[in-house]
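Below is one structure; the comments refer to it alone.
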Amino acid sequence: MPELPEVETTKRGIEPFLVGATIAGVVVRNKHLRWPAQVPQALAGQPITRVGRRAKYILITTPIGTLIVHLGMSGSLRLVDAQAPVKTHDHIDLQLSSGHCLRYNDPRRFGSFHFHTSDPAEHWLLTDLGPEPLSNNFSGEHLFQQSRRRRIAVKSHIMDSKIVVGVGNIYAAEALFSAGIRPTVQACRVTRVGYDRLASQISRILARAIQVGGTTLRDFVGSDGQPGYFRQSLNVYGRAGEPCRVCASLLKGMVLGQRSTVYCPKCQKTSGWR
DNA sequence: CCCGATTCCTGTAGGC
DNA sequence: TGCCTACAGGAATCGG
């Protein structure tokens with residue numbers, strides 16, 4: 001499931017093929033995504049000037065506007081040959097003048113395509129987002145200050161895209177484990193020191209996951225169709241009932257905020273210090 | 001304002 | 001072997 005590392009992996013994979021290329025044609029086989037897909041035919045003939053990312057959105061910019069693409073839970077953007085046979089759930093193609101084709105496949109259709117004619121940062125999907133976890137705007141102090149009145153679980157706090165973007169269920173669980181913080185602790189009870197440690201673990205883990213092409217659990221493939229290899233580095237996610245890799249205690253699984261959560265009852269005792 | 005629950009969707013795993 | 005159900009989850013939105 002694409003979280004920030006998977007989206008960044010996709011962005012890096014497609015960028016060299018898109019920037020400088022011209023869109024030769026647009027094919028929308030199924031526009032019934034999370035929202036009706038906005039992919040104007042007017043994109044045909046437009047050069048792609050920039051490929052970017054904000055949170056889990058991939059931004060594909062042309063002189064007439066920017067496509068804002070979200071991969072949802074099961075979406076992928078792959079570069080295929082223009083003649084590649086269409087498979088099931090191949091919903092949208094951007095045909096390129098180079099003979100390549102940027103193909104969007106999404107079995108569960110939780111993804112989305114929006115088109116915005118001015119600065120994408122001003123699109124309603126992006127205006128209320130928190131800082132990028134790999135930027136200088138992100139810190140333990142930020143997490144701490146934003147948490148003072150929040151009684152929700154700290155895991156829900158760091159998964160809130162208004163607080164910080166790109167931290168999904170997998171990486172939230174992993175960062176809390178590495179920081180030694182129990183996911184269920186109220187956000188307002190985590191200490192400043194705890195948030196410092198949590199912020200640095202979030203950044204470190206996301207950066208490492210990007211280095212190995214993200215995490216492939218089931219669906220995710222990068223733009224070249226290759227899986228990511230961070231799965232073997234997971235310490236808690238998907239390991240409920242198995243022994244902790246640090247202390248051998250049995251990892252505990254539970255549901256928190258409608259999300260499956262796994263933690264080590266021994267390594268994750270505190271809400272701050274260790 | 002705050003926060004938990006609900007909603008979208010389909011492939012897969014588990015139970016019988 | 002095959003059917004049926006539960007579950008996975010990003011994030012907007014709803015309801016209390």
Side-chain angles (χ1 to χ4, degrees), chain A residues 1-11 29-38 53-59 68-77 87-92 104-114 116 123-133 145-176 183-190 202 206 209 214-221 227-228 230-231 234 236-242 253-262:
Chain A
M1 12 222 107
E3 296 191 27
L4 190 142
E6 293 75 43
V7 177
E8 180 66 21
T9 296
T10 298
K11 181 253 177 184
R29 297 182 197 84
N30 185 351
K31 67 187 304 187
H32 297 101
L33 306 183
R34 173 157 192 194
W35 290 285
Q38 299 175 354
R53 178 187 62 75
R54 173 74 173 108
K56 296 175 187 167
Y57 297 95
I58 290 173
L59 311 174
I68 303 171
V69 182
H70 199 294
L71 301 178
M73 295 234 3
S74 57
S76 65
L77 281 172
K87 299 185 189 163
T88 184
H89 307 309
D90 281 345
H91 304 311
I92 294 170
Y104 178 74
N105 180 287
D106 188 358
R108 274 163 270 188
R109 310 210 309 273
F110 276 23
S112 60
F113 277 65
H114 285 83
H116 193 66
H123 190 272
W124 61 274
L125 283 168
L126 307 188
T127 49
D128 292 332
L129 296 177
E132 289 287 328
Q145 303 225 315
Q146 296 292 312
S147 70
R148 291 305 84 195
R149 285 181 196 77
R150 303 203 83 188
R151 288 186 285 187
I152 55 171
V154 61
K155 176 162 180 271
S156 302
H157 183 59
I158 61 173
M159 288 178 67
D160 183 343
S161 62
K162 294 186 195 62
I163 305 298
V164 56
V165 301
V167 184
N169 202 34
I170 299 172
Y171 297 105
E174 295 299 317
L176 287 161
T184 51
V185 173
Q186 288 184 333
C188 58
R189 303 277 300 268
V190 176
I202 288 171
L206 290 174
T215 300
T216 294
L217 292 175
R218 183 178 306 153
D219 298 329
F220 175 73
V221 289
F230 195 71
R231 183 176 190 174
L234 298 178
V236 288
Y237 183 86
R239 298 192 64 238
E242 296 179 39
M254 63 178 299
V255 174
L256 202 171
Q258 293 75 240
R259 290 291 171 269
S260 70
T261 294
V262 186

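Note that these values count all heavy atoms, side chains included, but never hydrogens, waters or copies made by symmetry. Proteins come first, then strands; the chains are lettered A, B, ... in the order of their sequence lines, and each starts at number 1.
Nearest to the side chain of A/E3, among C/dG9, C/dG10, C/dA12, sits C/dG10. Side chain of A/I152, nearest nucleotide from C/dA12, B/dC3, C/dG9: B/dC3.
Side-chain contact between A/D106 and A/L71 is absent, with no heavy-atom pair separated by less than 4.5 Å. The side-chain heavy atoms of A/V236 and A/E174, taken from C-beta on, include a pair separated by under 4.5 Å. Residues A/Y237 and A/N169 are in side-chain contact: their nearest non-hydrogen atoms beyond the backbone lie under 4.5 Å apart. Here the side chains of A/H70 and A/R34 are not in contact, with every heavy-atom distance at 4.5 Å or above. Put simply, the side chain of A/R54 reaches to within 4.5 Å of the side chain of A/V165, judged on heavy atoms.
Exactly one of A/I158, A/D160, A/I163 qualifies for a side chain to side chain contact (heavy atoms under 4.5 Å, CB included) with A/Q146. That residue is A/I163.
Between the side chain of A/S74 and the backbone N or O of A/R108 there is at least one donor-acceptor pair closer than 3.5 Å.
Separating the CE atom of A/M73 from the P atom of C/dA8 is a distance of 10 Å, rounded to the nearest angstrom. Rounding to whole angstrom units, CG of residue A/L33 and C1' of C/dA12 are separated by 15 Å. If you take CZ of A/R259 and P of C/dG9, they are 7 Å apart, rounded to a whole angstrom. Spacing between atom CD of A/Q146 and atom C1' of B/dC2 amounts to 14 Å, rounded to whole angstrom units. Nucleotide C/dA11 holds its P atom 14 Å from the CD1 atom of A/I68, rounded to whole Å. We find that CZ of A/R54 is positioned 12 Å from P of C/dA11, with the value rounded to whole Å. A/L71 places its CG atom 17 Å from the P atom of C/dG9, with the value rounded to the nearest Å. In this structure, A/H70 places its NE2 atom 15 Å from P of C/dG9, rounding to the nearest Å.
Note on the helix from B/dC2-C/dG16 to B/dC16-C/dG2: angle between the axes of the first and last five pairs equals 60°, rounded to 10 degrees.
Looking at residues 153-161 of chain A, you'll see that no heavy atom sits under 4.0 Å from any atom of DNA chain B.
Between A/Y171 and C/dG10 there is no side-chain polar atom (N or O) within less than 4.0 angstrom of OP1 or OP2. Between B/dC1 and A/R149, no contact under 4.0 Å exists linking OP1 or OP2 to a side-chain N or O.
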If you restrict it to nitrogen or oxygen atoms, what contacts under 3.5 Å exist between nucleotides 8-10 of chain B and the protein, and what is each distance?
from: B/dC9; atom 1: O4'; to: A/R108; atom 2: O; distance (Å): 3.4
from: B/dC9; atom 1: O3'; to: A/R109; atom 2: NH1; distance (Å): 3.4
from: B/dT10; atom 1: OP1; to: A/R109; atom 2: NH1; distance (Å): 2.7

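No donor-acceptor contact under 3.5 Å links the side chain of A/R151 to the base of B/dG4.
Annotation: ring-ring contact (aromatic ring centres under 6.0 Å, His included) contacts of A/H123 (sequence neighbours excluded): A/H114, A/H116. Annotation: ring-ring contact (aromatic ring centres under 6.0 Å, His included) contacts of A/F113 (sequence neighbours excluded): A/Y104. Partners of A/R53 by side-chain hydrogen bond (donor to acceptor under 3.5 Å, both in side chains), not counting sequence neighbours, listed by chain and number: A/E8, A/E132.
Around CZ of A/R151, the count of heavy atoms belonging to other residues, nucleotides or ligands within 6.0 Å does not exceed 12. A/R148 CZ: more than 12 foreign heavy atoms inside a 6.0 Å radius.
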